[in-house]
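Right, one structure below, let's go through it.
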Amino acid sequence: MLIRTATAEDWPAIWAFLRRIVAAGETYTYPRDLDEDRAREIWMLKPPSRTVVATDPDGTVLGSAKTNPNHMGPGAHIAGASFMVAPEHGGRGVGRALGEHVLDWARAEGYKAMQFNAVVESNTRAVALWRSLGFEVIGTVPKAFAHPTNGYVGLHIMHRFL
């Protein structure tokens, strides 16, 4: 698996799975009817932020991640990140590889910690992955996410020092 900076040419592949994941409404706080232009604006970040893709040897985009300062000004030393793996490529270590890559990159860029602001508590695979990479749940906003089948569930705030 290769992880590299995303290019404009990668966008159609990213949009193909991002659209499905967002429309499902189970893991992201984005509007379920998010349009492509707004999605591209949200996901394809410009420096000093970064968007990457994970590809297999034939160049198929398996997943993507974006990293950015979690806040501005005096809070800009804490990184934030978001991850999406194409559902058909789940369970192959893509999320873990992207997570490790983003943590390494943020550390090299001088960030002091990474914080995820909204990990849906019913997304147990993601919560377990982030815990295995050293993140802790530092708080949960109760009933903050309207899950399409589970009703209102909490949003975890997860953090780890770099």
Side-chain angles (χ1 to χ4, degrees), residues 1-8 10-11 14-15 17-19 21-22 24-32 34 37-55 61-86 90 93-147 150 152-162:
M1 180 179 329
L2 171 70
I3 298 176
R4 60 169 174 75
T5 300
T7 66
D10 295 316
W11 175 250
I14 296 168
W15 174 238
F17 59 81
L18 186 149
R19 176 181 62 234
I21 291 167
V22 170
E26 297 175 344
T27 56
Y28 272 84
T29 60
Y30 300 152
R32 292 176 76 177
L34 184 67
D37 289 339
R38 182 68 177 123
R40 184 184 303 110
E41 179 183 320
I42 290 168
W43 201 262
M44 298 297 284
L45 303 179
K46 293 174 177 42
S49 301
R50 184 173 187 231
T51 301
V52 298
V53 290
T55 64
V61 175
L62 309 172
S64 182
K66 64 179 185 140
T67 311
N68 50 276
N70 199 40
H71 296 286
M72 296 183 285
H77 62 285
I78 307 299
S82 297
F83 304 82
M84 287 195 190
V85 174
V94 177
R96 176 172 299 280
L98 285 166
E100 290 170 349
H101 178 87
V102 164
L103 286 166
D104 290 343
W105 180 83
R107 190 177 301 107
E109 289 294 307
Y111 288 97
K112 304 300 181 202
M114 186 169 286
Q115 177 180 317
F116 302 150
N117 299 324
V119 180
V120 178
E121 73 179 339
S122 60
N123 187 356
T124 55
R125 287 181 64 189
V127 173
L129 172 59
W130 304 138
R131 284 184 188 274
S132 77
L133 290 175
F135 286 84
E136 296 179 37
V137 174
I138 60 170
T140 302
V141 182
K143 298 185 178 188
F145 186 84
H147 191 282
N150 296 336
Y152 290 101
V153 299
L155 285 175
H156 291 320
I157 300 166
M158 299 187 79
H159 174 273
R160 71 157 282 176
F161 287 106
L162 299 174

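All values below come from the heavy atoms of this structure, side chains included, with hydrogens, waters and symmetry mates left out. Everything numeric in this text was worked out from a predicted model, so none of it was measured.
For L129 against G95, the heavy-atom pair with the smallest separation is CD2-C, 3.8 Å. When every heavy atom of A65 is checked against every heavy atom of V102, the shortest pair comes out as CB-CG2, 3.8 Å. Considering all non-hydrogen atoms of both residues, M114 and A81 come closest at SD-CB, 4.0 Å. Closest of all the heavy-atom pairs between A54 and M1 is CB-SD, 3.9 Å. L18 and A39 get closest at one heavy-atom pair: CD2-CB, 3.9 Å. The heavy-atom pair separating A79 from T67 by the smallest distance is CB-CG2, 4.3 Å.
Remark: side-chain polar atoms of R160 are not paired, donor with acceptor, to backbone N or O of Q115 under 3.5 angstrom. With hydrogens and angles ignored, the 3.5 Å screen pairs no side-chain donor or acceptor of E121 with any backbone N or O of V153.
In this structure, the separation between CG on D10 and CH2 on W15 is 16.0 Å, given to the nearest 0.5 Å. Distance check: Y28 OH to F145 CZ gives 10.5 Å after rounding to the nearest 0.5 Å. The CG atom of L98 sits 4.5 Å away from atom CD1 of I3, with the distance rounded to the nearest 0.5 Å. E41 CD to L34 CG: the interatomic distance, rounded to the nearest 0.5 Å, is 10.0 Å. Note: R131 CZ to T124 OG1 = 11.5 Å, rounded to the nearest 0.5 Å. One finds the NE2 atom of H159 at 11.0 Å from the CG atom of N117 (value rounded to the nearest 0.5 Å).
Contact of the T51 side chain with the W11 side chain is not registered, since no non-hydrogen atoms from C-beta on lie closer than 4.5 Å. Residues Y30 and I21 have side chains not in contact (no heavy-atom distance under 4.5 Å, counting atoms from C-beta outward). Looking only at side-chain heavy atoms (C-beta outward), W130 and H156 stay at 4.5 Å or farther from each other. Counting only heavy atoms from C-beta outward, the side chains of V120 and E26 never approach each other to under 4.5 Å. Side-chain contact between P69 and Y111 is present, with at least one heavy-atom pair separated by less than 4.5 Å. For the pair R50 and L45, the minimum side-chain heavy-atom distance is 4.5 Å or more. Within the 4.5 Å cutoff, no side-chain heavy atoms of K66 are placed close to those of I14. Residues V22 and M84 form a side-chain contact, since some pair of their non-hydrogen atoms from C-beta on lies under 4.5 Å apart.
Looking at S64 and W43, their side chains do bring a donor and an acceptor atom within 3.5 Å of each other.
Crowding of R125 atom CZ: a count of heavy atoms from other residues, nucleotides or ligands under 6.0 Å not exceeding 12.
Pairs of residues two or more places apart, or lying in two chains, that qualify as salt bridge (Lys or Arg N to Asp or Glu O under 4.0 Å) and include a residue from residues 94-111 are D104-R107.
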